[in-house]
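In this chain, numbering begins with 1 at the start of the sequence shown. Computed over heavy atoms, backbone and side chain alike; hydrogens, waters and symmetry mates excluded. As the structure is a computational prediction, the values presented were derived from the model and not from experiment. Just so you know, ligand 1 is whichever comes first in the structure, and atom 1 is the first atom listed for that ligand.
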Amino acid sequence: MAAVPTKDDVIDMQFFFCPTDGSLQQLIRKKQNHTASFVFGIGSFLQKKPKISASRRLFLKTKILKKASTLLAEEKEQKKIDRERTLSERVPPLKLSGLSVQDLQILCKELHQKIDVVDEERYDIESKVAKNEKEIADLSHKIFELKGKMKRPALKRVRVSADAMLGALLGAKHKESIDFKANLKTVKKEEEKKEEVTDWRKNVDAMSGMEGRKKMHPYRFFWMSKYKLFLLRHGEGAWNKENRFCSWVDQKLSENGVVEAQECGRLLKEQGYQFDQVFTSILSRSIQTAWLVLEAMGQEWVPVTKSWRINERHYGALISLNRAEMALNHGEEQVKLWRRSYDITPPPIDESHPYYAEIYNDRRYSTCDVPKEELPKAESLKEVLDRLLPYWNDVIVPVIKSGQTVLISAHGNSCRALLKHLEDISETDIVNVTLPTGVPVLLELDEDLRPVKPRQLLGDQAKIQAAIKKVEDQGKVNAQNK
Ligand SMILES: O=C(O)[C@@H](COP(=O)(O)O)OP(=O)(O)O
């Protein structure tokens, strides 16, 4: 402990509470060395003057306490002022008056971007702290182990040769001398394997679980999302209800489908989401769903862009057939392969099919970016992805990257194809991904449009699970609505 300063040494004396033990302390700064501080307990300070009476001591203590409490209050007040000053410097008050809705939206976006940046910094700092804490814990553990090794029981040193020791162990018969060194193995000191620090974003192979998504680095889930993308399978269509393959036949929403779409819009509104652009297929059920969602959200003005490339998978000759009947005739396994496999294409549609003319004579298919003759006659999920990807890359991605929030109102399989691409789902695992009607799927993506979190199906989770099961069961012999 530092020497007790004399009266001449002292330039400043303060009393304060010690936060660690709650005792009253005295802080004295030395004259010669302004950087040095000495702290003495009040007890010991007072003990140095034994002549002091009890009442005087009490009086002093009370005075010191009063002074300390005033100082504390002042310090608290000062901290408050400092905090407010720093906040007003770093976070200037928002000037909202006179701003148009568009300006407000831009401001909101800017603020969100700032929050994202701060969160990323916070995340970085937190992970650094966690890493350092782990290192400290490891080092403490090593120290503990070393200390343990130091406390070996004191052994008596005995000078005995190896031969003498063998003799003692094996008895007097032992005569040979043994070269112990010859039997010693050379053990290389194992180099401590250093954990490789890589950019987790590049670690696609390490992505994990979640319905077949490849393993994802756990930290990735804590990364802040840069973009939000919403995928939506339209509300129930008339043929969904009848359990018929609808595909490119332009069925409208069922009554229930209308309600599903409206409820979806209400939910998104409740949760405060706003869209800047909506993309749909050129099939009425996805367009109708987009309208109903926007209407329920009060965002009817949001631009809607349509493309055949977002259309449902072309189910070829299966179009209009009942799934349960198909399961009865061809087996549930076969129906599952047709419905959910990645690269199995169902038999193609031809002119003899009852819906061929209705599909291919429809004017909408002469507006596509490929000649009518080149439009598919049946598609596997892979083929859906092949025709969807150019549109995604060339049209939708730039919109998302410009900072706009996008809703894609599409179909079961066009959404599955996109999910496979975005979440890097394997060909075998995509079989297990099923989307219910009218349930928005929220994807949070990083700057390269890779998911940073598991996809979220928004809404009542029990209902969603039941709806998924219902869709899966459509391909079973005993499905409802045969
Ligand atoms: O074509 C259809 O009937 C369904 C998908 O059928 P499954 O792949 O579920 O058999 O597409 P959607 O209702 O999403 O437009």
Side-chain angles (χ1 to χ4, degrees), residues 231-254 256-258 260-261 264 279-290 293 306-327 330-347 349 353 355 358-359 376-385 388 408-420 430-441 457 467-477 479-482:
L231 302 184
L232 176 61
R233 182 183 176 193
H234 58 78
E236 183 192 66
W239 280 12
N240 293 132
K241 199 173 174 197
E242 291 176 27
N243 200 12
R244 295 168 74 183
F245 286 105
C246 190
S247 183
W248 283 33
V249 174
D250 196 35
Q251 289 288 322
K252 298 275 186 337
L253 294 184
S254 68
N256 182 41
V258 170
E260 280 180 349
C264 167
F279 292 92
T280 73
S281 71
I282 53 171
L283 292 162
S284 301
R285 56 192 187 276
S286 86
I287 301 167
Q288 231 185 322
T289 301
V293 167
K306 307 174 187 90
S307 169
W308 76 275
R309 290 183 183 273
I310 301 178
N311 265 19
E312 179 52 304
R313 162 144 82 124
H314 197 308
Y315 261 118
L318 301 184
I319 285 177
S320 83
L321 298 177
N322 182 289
R323 294 181 187 83
E325 278 169 18
M326 294 298 284
H330 300 274
E332 290 178 359
E333 269 311 298
Q334 180 58 58
V335 173
K336 186 161 183 193
L337 280 179
W338 279 328
R339 294 180 75 203
R340 294 292 170 258
S341 61
Y342 182 57
D343 53 8
I344 293 177
T345 313
I349 194 168
H353 191 284
Y355 286 90
E358 186 178 314
I359 295 170
K377 300 282 184 302
E379 290 177 305
S380 63
L381 192 69
K382 182 179 181 304
E383 287 159 329
V384 175
L385 189 54
L388 178 58
I408 302 179
S409 171
H411 302 263
N413 292 299
S414 40
C415 287
R416 286 177 66 233
L418 201 50
L419 279 176
K420 180 183 184 312
I430 191 63
V431 173
N432 302 317
V433 178
T434 294
L435 296 175
T437 51
V439 175
V441 180
L457 274 68
I468 290 174
K469 180 150 191 328
K470 199 175 159 198
V471 176
E472 279 167 356
D473 287 349
Q474 282 180 325
K476 294 189 176 158
V477 175
Q480 290 166 350
N481 307 319
K482 274 186 201 175

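Close contacts of ligand 1 with Arg340, meaning ligand atoms under 4.0 Å from a residue heavy atom, involve 7 (P), 8 (O), 9 (O). Close approach of ligand 1 to Arg285 (heavy-atom distance below 4.0 Å) involves ligand atoms 15 (O). For ligand 1 and Cys246, the ligand atoms under 4.0 Å from any heavy atom of the residue are 1 (O), 2 (C), 3 (O). For ligand 1 and Asn240, the ligand atoms under 4.0 Å from any heavy atom of the residue are 13 (O).
In this structure, Glu236 has no heavy atom closer than 4.0 Å to ligand 1. By the 4.0 Å heavy-atom criterion, Arg313 is excluded from the residues contacting ligand 1. No heavy atom of Gly237 sits closer than 4.0 Å to any atom of ligand 1.
Aromatic rings from Trp239 and Tyr315 are positioned such that their centres are separated by 6.0 Å or more.
Inter-residue side-chain proximity for His314 and Glu383 is flagged as unmet; no heavy-atom pair is nearer than 4.5 Å. Two residues are said to be in side-chain contact when any heavy atoms from C-beta on lie closer than 4.5 Å; Ile344 and Ser380 fail this criterion. No side-chain heavy atom of Arg339 sits under 4.5 Å from any side-chain heavy atom of Leu318. A heavy-atom distance below 4.5 Å is not found between the side chains of Thr437 and Lys241. Side-chain atoms of Pro436 and Glu260, non-hydrogen and from C-beta on, never get closer than 4.5 Å to each other. Side-chain contact between Glu312 and Arg285 is present, with heavy atoms from C-beta onward closer than 4.5 Å. With contacts defined as side-chain heavy-atom distances shorter than 4.5 Å, the pair Pro346/Arg313 qualifies.
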(request) Determine, step by step, whether Ile319 and Glu358 satisfy the side chain to side chain contact (heavy atoms under 4.5 Å, CB included) criterion, reporting the C-alpha distance in whole Å, the side-chain angles of both residues, the deciding distance to 0.1 Å, and the verdict. (result) CA-CA 12 Å; Ile319 285 177; Glu358 186 178 314; over 6 Å; no
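Atom 3 (O) of ligand 1 has its nearest heavy-atom neighbour, among Arg416, Glu472, Arg323, His411, in Arg323.
Ligand 1 has no N or O atom lying under 3.5 Å from any N or O atom of Phe245, backbone or side chain.
Only side-chain heavy atoms of Asn413 come within less than 4.0 Å of ligand 1; its backbone N, CA, C and O stay farther off. When non-hydrogen atoms are compared, ligand 1 lies under 4.0 Å from the side chain of Glu312 (C-beta onward) but not from its backbone. Contacts of Tyr315 with ligand 1, taken as heavy-atom pairs under 4.0 Å, involve the side chain alone. Of all the heavy atoms of Arg244, the ones lying under 4.0 Å from any atom of ligand 1 belong exclusively to the backbone.
Protein heavy atom in closest approach to atom 1 (O) of ligand 1: Ser247 N, 2.8 Å. Nearest protein heavy-atom neighbour of atom 10 (O) of ligand 1: Arg339 NE, 2.6 Å.
When atom types are taken as modelled, the side chain of Gln288 and the backbone of Leu253 share a donor-acceptor pair closer than 3.5 angstrom.
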